[in-house]
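Below is one structure, written out as C-alpha cells; comments come after it.
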Amino acid sequence: MAQLGITDFGSWLPERVVEPDFFLDEDAPPDPMAALPLFKVPRTRHHVGPGDTAAEMIARAARPVLERLGDRPEGPRVDVLLTNVLLPDEPFMGVGAQAAHRLGIDPEWVVDLHNTGCASFMYMISLAQKIMADGAARTALIANVQNTAGRMFAQPGVRKKGHAAVPGDGCGVAYLELGGRSPVLGVVTRSIPAYADDLGIATEDGRRYWEPGEGEMDIAFAEGKTSEILQRGNSLVPELVNELMAELGESASAIDVLVTNQPNRIFLKNWREALGLDAKHHLDTFDALGNLYGAAVPITLDRAARAGELRDGDLVAMSGFAHAGDFAAAAAVRWNAA
C-alpha cells in the first residue's frame with residue numbers, strides 16, 4: 001500500500017485584526033517585563049466574530065484546497081474528516097458533519113476530537129494512518145480550529161488579564177492521501193493522564209460552566225503548579241522530537257524546518273536551543289497571529305509553503321504539547337518527495 005502523505009495545506013483567518021491596545025487596563029500598574037523581547041505580546045492577532053462558527057471556519061480554510069484538487073479527473077475525494085475545535089459552538093454534537101455539509105463532501109469517517117489540544121494536528125495524522133491502514137479509505141481532511149481569542153479572551157474582564165493578549169484565532173487544514181507528495185515519515189505520541197486535571201475552565205463565582213449564574217469564563221492552571229507545568233512544556237517538545245528523530249535514524253541536526261505550537265516566545269526559544277536549531281530553521285507566526293493553539297502547525301506550514309520557505313526534500317518536523325502537559329506529539333514529513 002502507498003505511504004500516507006500530505007498533499008496540500010489551507011488556512012483561514014478572521015477579518016478582525018486586534019492590536020495590544022485592546023487589552024490595556026488603565027488601572028493596572030505598568031508591567032516592567034512587557035517591554036522585554038521575550039515577554040512582549042504579539043504585535044497583532046485575529047479575533048473571530050459572532051458569525052464565525054467552527055464549521056464555517058473549516059469550510060473557508062478547506063474550500064481553496066478542494067478547489068485545487070478539483071482539477072483532477074476524480075475530483076476532491078474525502079474519505080475521512082478529522083476535526084479539533086478548541087471551543088465548540090455547542091456541546092452536544094461535533095462540528096464535522098456541519099463542515100462536511102458546507103464543503104459538499106460525504107466522508108465515510110467523521111471524527112471530532114476534543115482532546116490532544118495543541119498537539120492534535122500530529123495526533124490526527126496518526127489517527128488518519130490508523131483509519132486508512134486497510135486501504136479502504138485513501139484520503140483525509142484534517143482541521144484545527146482555534147476560536148477562543150475573540151470569544152473567551154475578549155470578554156471585558158478577562159481581556160484585562162495578562163494572558164488574554166497572547167491568543168489569536170484561525171483555522172488550519174491539511175489534505176492527506178495515500179501516495180501524497182510529502183510522505184509522512186513517522187509520528188510519536190505521549191499521553192500523561194496524571195496531568196489532565198492541571199488545567200480547566202474557571203468562572204468568577206466558581207460555578208460549573210453549564211450552571212446558571214453570572215460572570216465570565218476563563219481558563220486556569222492548577223494553583224501552585226505553575227513552575228512544574230512550565231518545566232513540562234520546556235521538556236516535552238524537544239523530548240518527542242528527539243524520540244522521533246531517533247526512530248528515523250536521524251538526529252535533530254538533520255531537521256530542515258521545525259514547526260511547533262507557539263504558546264509564547266520563551267518556549268519557542270527554549271525548544272530550538274534544546275534541539276540545537278537556529279531560529280531560521282524554526283518557523284512560527286507568533287508575532288503576527290499570536291498563540292494559535294492546535295491550529296499553529298497547519299497555519300504556519302500553509303503560510304510557509306505559499307511563501308516558498310519549504311524546499312523540495314526538506315525534512316519537516318512538527319511538534320506540540322497540550323494543555324498542562326497531559327499529551328505531546330511529534331511528526332515528520334519529507335517535503336515534496338513523492
Side-chain angles (χ1 to χ4, degrees), residues 5-6 9 11 36-40 42-43 117-123 125-126 144 166 168 172 174 182-190 229-322 325 327-337:
I6 298 177
F9 284 98
S11 61
L36 299 177
L38 285 177
F39 292 90
K40 288 180 66 176
R43 175 175 46 86
C118 294
S120 56
F121 183 76
M122 289 67 67
Y123 182 66
I125 293 175
S126 179
N144 278 102
V166 179
S182 297
V184 176
L185 305 179
V187 183
V188 297
T189 63
R190 183 183 300 176
I229 292 169
L230 289 174
Q231 179 55 41
R232 295 173 198 165
N234 273 321
S235 61
L236 280 169
V237 166
E239 285 177 10
L240 268 290
V241 172
N242 280 322
E243 181 180 331
L244 175 61
M245 290 300 106
E247 287 191 6
L248 299 179
E250 300 278 6
S251 66
S253 62
I255 296 171
D256 297 299
V257 175
L258 173 68
V259 178
T260 62
N261 68 312
Q262 47 193 45
N264 54 56
R265 301 177 198 275
I266 298 174
F267 276 140
L268 292 170
K269 177 178 181 292
N270 289 347
W271 290 340
R272 62 176 171 261
E273 289 183 350
L275 292 168
L277 298 175
D278 295 333
K280 66 181 180 180
H281 294 291
H282 186 187
L283 305 183
D284 71 86
T285 53
F286 182 80
D287 195 46
L289 304 181
N291 179 8
L292 291 166
Y293 293 83
V297 172
I299 289 176
T300 301
L301 282 169
D302 178 52
R303 292 165 71 92
R306 309 284 161 232
E309 295 176 323
L310 305 178
R311 301 167 301 175
D312 292 354
D314 273 352
L315 177 58
V316 179
M318 303 163 269
S319 187
F321 81 99
F327 186 81
V333 302
R334 183 68 67 180
W335 189 255
N336 281 350

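Side-chain contact between Met122 and Thr189: absent, with no pair of heavy atoms (C-beta onward) separated by less than 4.5 Å. Between His281 and Ile255 the shortest side-chain heavy-atom distance does not fall below 4.5 Å. The shortest distance between side-chain heavy atoms of Leu289 and Thr300 does not fall below 4.5 Å.
Between Asn144 and Ala295, the shortest heavy-atom distance links the atoms CB-CA, 3.6 Å. Scanning both residues, Trp271 and Pro238, for their nearest heavy atoms gives CD1-CD, 3.5 Å. The two residues Cys118 and Asn261 make their nearest non-hydrogen contact at CB-ND2, 3.5 Å. Among all heavy-atom pairs drawn from Met245 and Ala332, the shortest one is CE-CB, 4.1 Å. When all heavy atoms of Leu277 and Ala252 are compared, the pair lying nearest together is CD2-O, 3.6 Å. Contact between Ala254 and Glu250 at its shortest, heavy atoms only, is CB-OE1, 3.4 Å.
Rounding to the nearest 0.5 Å gives a distance of 6.5 Å between CG of Leu301 and CZ of Phe121. Atom CZ of Arg190 and atom CD of Glu239 lie 5.0 Å apart (nearest 0.5 Å). Note: Asn264 CG to Leu230 CG = 8.0 Å, rounded to the nearest 0.5 Å. The distance from the CD atom of Gln262 to the CG atom of Leu268 is 6.5 Å, given to the nearest 0.5 Å. Note that the CZ atom of Arg303 and the CG atom of Asp284 stand 11.0 Å from one another [nearest 0.5 Å]. Separating the CH2 atom in Trp335 from the CG atom in Asp312 is a distance of 9.0 Å, to the nearest 0.5 Å.
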Query raised in the report: Going through the distances and angles, do Thr260 and Met318 end up as a side-chain contact (heavy atoms from CB on, under 4.5 Å)?
Result: CA-CA 6 Å; Thr260 62; Met318 303 163 269; over 6 Å; no
Report task. Go through Val237 and Asn270 one step at a time and tell me if the side-chain contact (heavy atoms from CB on, under 4.5 Å) criterion holds. Result -> CA-CA 10 Å; Val237 166; Asn270 289 347; over 6 Å; no
Query raised in the report: Lys40 and Arg265: side-chain contact (heavy atoms from CB on, under 4.5 Å), yes or no, with the steps?
Result: CA-CA 8 Å; Lys40 288 180 66 176; Arg265 301 177 198 275; 4.0 Å; yes
Query raised in the report: Does the side-chain contact (heavy atoms from CB on, under 4.5 Å) test come out yes or no for Leu258 and His282, once each step is laid out?
Result: CA-CA 5 Å; Leu258 173 68; His282 186 187; 3.9 Å; yes
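Side-chain N or O atoms of Asp256 include one that pairs as donor or acceptor with a backbone N or O of Leu315 at under 3.5 Å. Formation of a donor-acceptor pair under 3.5 Å by the Arg334 side chain with backbone atoms of Gly313 is found in this model.
Screening Ile299, Leu310, Val297 against Val259 for a side-chain contact (heavy atoms from CB on, under 4.5 Å) leaves a single residue, Val297.
No more than 12 heavy atoms of other residues, nucleotides or ligands lie within 6.0 Å of CZ in Arg311, so this atom counts as exposed by the packing criterion.
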